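Hydrogens, waters and symmetry mates play no part in the numbers below; they use all other heavy atoms, side chains included. A, B, ... follow the sequence lines: proteins, then strands. Residue 1 opens every chain. Only a predicted model underlies this, so the values are computations on that prediction, with no experimental measurement involved.
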Protein chains: 2
Amino acid sequence: MPSIRKPPTMADVARMAGVSPMTVSRAFKRDTSVSQETREAVRRATEELGYVFDSTASNLRSQRTDFVAVTIPSINNANFADTVRALSDGLSDKGLQVLLGYTNYDVREEERLIEQLLRRKPEAIVVTGGKHTSRARKLLSNAGIPVIETWDLPEDPIGHVVGFSNALAVREMIDHFVTVGYRKVAFIGGDADRDTRGSDRRAGFITAMEDHGLDATRLIAAGPPPISMREGANAMGRLLEHFPDTEAVICVSDLSAFGALTECQRRGIAVPDQIAIGGFGDYEIGAICVPSLTTINAFAAEIGAKTAQLILDVLDGSLSDSAGVITIRPDLILRQTSR
Amino acid sequence: MPSIRKPPTMADVARMAGVSPMTVSRAFKRDTSVSQETREAVRRATEELGYVFDSTASNLRSQRTDFVAVTIPSINNANFADTVRALSDGLSDKGLQVLLGYTNYDVREEERLIEQLLRRKPEAIVVTGGKHTSRARKLLSNAGIPVIETWDLPEDPIGHVVGFSNALAVREMIDHFVTVGYRKVAFIGGDADRDTRGSDRRAGFITAMEDHGLDATRLIAAGPPPISMREGANAMGRLLEHFPDTEAVICVSDLSAFGALTECQRRGIAVPDQIAIGGFGDYEIGAICVPSLTTINAFAAEIGAKTAQLILDVLDGSLSDSAGVITIRPDLILRQTSR
DNA sequence: TTGAAAGCGCTAACAA
DNA sequence: TTGTTAGCGCTTTCAA
């Protein structure tokens, strides 16, 4: 019978256990000096009353929420999910809980989200990417908590950074493609301003191609993020029509790359013999599809794990909160869709 | 220069704006009667001081957190991500924020998570699945907030339900397979107790096959969830070795089904001519891979949207909090991997 | 190891 | 439209 009376408080538990509320409070924490019998009495009273600890009161009085706020562009992206999972796992041992929000790849939305999250008084905040509205930057700078930007190497970091250069990662793939003889190389995606990591990859493609003295104008738009497999397939269709002599194409992610691959299969175009394909992100699909996908591993889980460790170090004072940049080095993974 | 002074409170804003704290409080809400000039004065003072509203105090005093707690098995699953996104979108208009946690497909972990979430005093709690530890059931029943179980049709619901029968969904696919002439049908996955939806699908396979008078023992284990594409491929390998005359196979999800498909491609086995494949969940990959995948659309986003609407209705009193079951009807999607 | 007093920063309730 | 008072349920602080 769910009672309609108001729920029991710590004072009710204290009364039933025959101790003071302060003792009950202590009994709920580890590492506090409470006698074994008292602990047991409190446990019994808690059980009997169906008491549930009220974090909201604890949060206010102790000025601690044990939240770590996290923003990601999309909840439905295996790369970001890997980062959040590793981050969450790394924090949960220490009693910290991730408070997650997504921005839908929109810096205005990100600004709203950051404000909403900061009102919850998190212990630290992790954002994806290094491009923000000026108001969002100000909010983050003034929040008085550790700020970590990830999945990017911002020119002017707000606080800490755990990330990598999207442009350099793509350059590495191009260097390889040129080495093995591809000259007419195209790029799919990264045309939308909103997709900052995507445009960084596209910009990296252009400068790297130009540095090789190659034509960097085989650019196919895939529209605003998130770029689906279907959009990758459509873009590949356009590429094959506009630039039929293309020898290799780099896609903004493995998802669009897989879509592109399927479009070739539907059109009877041999991969990699007629056209090579490269992806980005090392999603599971790239490892298992036939032919398997050449891609770049950005170590999504490692980003999350290192971010968690950084937060724990800063919060427990073993690391000063002065800005530091942890650089991840993406790995080129050669598979069957390219030489 | 991030100051080391303690951050400003509403009282500081009130002083600077020349009003009472209560007026500042009102100015921060919509739909409260505050004069235009006062609002503007408060806004300026807020800006000037860099004041950030403190939800923790508000939460305690008003006994409202505007959190909706949500548990999902894994953060890295497109089906659950779709549900959470739709849920989150449906709630955010009304100022409700999702507080997300994942159980790693483990009811013990779910119990811990539920307790942790309830301490945050959410307005409602949404859980994935209908199987819980008895303590978790008790916690949910006594929480005094709306409880919604999703992605399942529990025998003994705790509160509300927005879900479907996993067993019946699989039965529908089998009925079709039998109609078009497949007799030797196998099932991959659902062997682990932990994967309750997976085992329901497997159980549905067995009873449906038996009802057709067919052999229901072509069962291939894929191990504990989450079942990856790779594990689906491995399971397909074992199926082809143990039961080489199998005519069709149903996989516990589209991910394992795609893995199974790739295994056939690697072995030069024609799909669907030599073996048909069915998946579950209508993931994007199934629509775009070649050949495209016959599957079951469980309407993940619709589950989230209907759950959001249900919560809003219950919270604003337009729907009584007596238990109700909203049944989703999964759709069989016939594509190229089967007749 | 335990307890008493005070207060975290808001907002419900009431009043003007 | 605005203000006053009190208090949400914990935990900090100090004391025993």
Side-chain angles (χ1 to χ4, degrees), chain A residues 5-43 45-46 49-67 95 116 118-123 143-144, chain B residues 5-43 45-46 49-67 95 116 118-123 143-144:
Chain A
R5 293 191 359 242
K6 52 188 292 196
T9 70
M10 211 173 247
D12 298 320
V13 176
R15 205 169 303 118
M16 173 166 279
V19 295
S20 74
M22 194 57 237
T23 298
V24 176
S25 175
R26 292 192 179 101
F28 269 89
K29 317 273 173 252
R30 300 173 193 291
D31 314 326
T32 48
S33 44
V34 177
S35 77
Q36 208 41 250
E37 313 127 64
T38 305
R39 269 220 153 76
E40 181 55 22
V42 168
R43 201 198 54 69
T46 298
L49 292 169
Y51 169 70
V52 176
F53 181 91
D54 187 339
S55 295
T56 69
S58 171
N59 293 342
L60 174 59
R61 174 65 247 219
S62 64
Q63 299 289 78
R64 281 187 56 109
T65 59
D66 290 334
F67 275 136
Q116 184 187 26
L118 289 178
R119 289 174 167 210
R120 301 276 188 189
K121 305 294 172 186
E123 313 297 332
Chain B
R5 296 194 354 244
K6 52 187 293 195
T9 70
M10 211 174 249
D12 298 320
V13 176
R15 206 168 303 118
M16 173 165 281
V19 295
S20 74
M22 194 59 235
T23 298
V24 176
S25 175
R26 291 191 180 104
F28 269 89
K29 316 274 173 249
R30 297 174 194 293
D31 313 326
T32 49
S33 45
V34 177
S35 78
Q36 208 38 251
E37 312 129 65
T38 305
R39 269 219 154 77
E40 181 55 22
V42 168
R43 201 198 54 70
T46 298
L49 292 169
Y51 169 70
V52 177
F53 182 90
D54 188 337
S55 295
T56 67
S58 172
N59 293 343
L60 174 58
R61 173 65 245 218
S62 65
Q63 299 288 78
R64 280 186 57 108
T65 59
D66 290 334
F67 274 137
Q116 185 188 25
L118 289 178
R119 290 174 167 209
R120 303 275 188 187
K121 305 296 173 187
E123 313 298 332

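The salt bridge (charged side-chain N to carboxylate O under 4.0 Å, His left out) check on Arg119(B) picks up nothing, with sequence neighbours excluded. For Glu40(A), the side chain to side chain donor-acceptor pair (under 3.5 Å) partners are Arg43(A), not counting sequence neighbours. Partners of Thr56(B) by side chain to side chain donor-acceptor pair (under 3.5 Å), not counting sequence neighbours, listed by chain and number: Asp54(B). The ring-ring contact (aromatic ring centres under 6.0 Å, His included) check on Tyr51(B) picks up Phe28(B), with sequence neighbours excluded. With sequence neighbours excluded, the residues that form a side-chain contact (heavy atoms from CB on, under 4.5 Å) with Ala17(B) are Val19(B), Ala41(B), Val42(B), Ala45(B). With sequence neighbours excluded, no residue forms a side chain to side chain donor-acceptor pair (under 3.5 Å) with Ser62(B). Residues satisfying the side chain to side chain donor-acceptor pair (under 3.5 Å) test with Arg26(B), not counting sequence neighbours, are none.
To the nearest 0.5 Å, atom CD of residue Gln36(A) and atom OG1 of residue Thr38(A) are 9.0 Å apart.
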Which letters describe nucleotides 10-16 of chain D, given B = protein heavy atom under 4.0 Å from base, S = only from sugar-phosphate, - = neither? BBBB---
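For the pair Ala11(A) and Pro21(A), the tightest heavy-atom approach, listed with the atom from each and the gap, is CA-CG, 4.4 Å.
Across its full length, the helix from dT1(C)-dA16(D) to dA16(C)-dT1(D) shows an angle of 10° between the axes of its 5 terminal pairs at either end, rounded to 10 degrees.
If you walk DNA chain C from 5' to 3' and mark each nucleotide with an atom closer than 4.0 Å to a heavy atom of chain A, the marks span dT1(C) to dG9(C).
Using a 4.0 Å cutoff on non-hydrogen atoms, the parts of residues 33-42 of chain B near DNA chain D are Ser33(B), Val34(B), Ser35(B), Thr38(B), ordered by number.
For the residue pair Thr23(B) / Ser20(B), a side-chain donor-acceptor distance below 3.5 Å is found, with atom types taken as modelled.
Between Gln63(B) atom CD and dG7(D) atom P there is a gap of 14 Å when expressed in whole angstrom units.
Applying the salt bridge (charged side-chain N to carboxylate O under 4.0 Å, His left out) test to residues at least two apart or on different chains, the pairs with a partner in residues 57-67 of chain B are Arg64(B)-Asp66(B).
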Check the pair Leu49(A), Met16(A) against side chain to side chain contact (heavy atoms under 4.5 Å, CB included), reporting the backbone distance first and the verdict last. CA-CA 9 Å; Leu49(A) 292 169; Met16(A) 173 166 279; 3.9 Å; yes
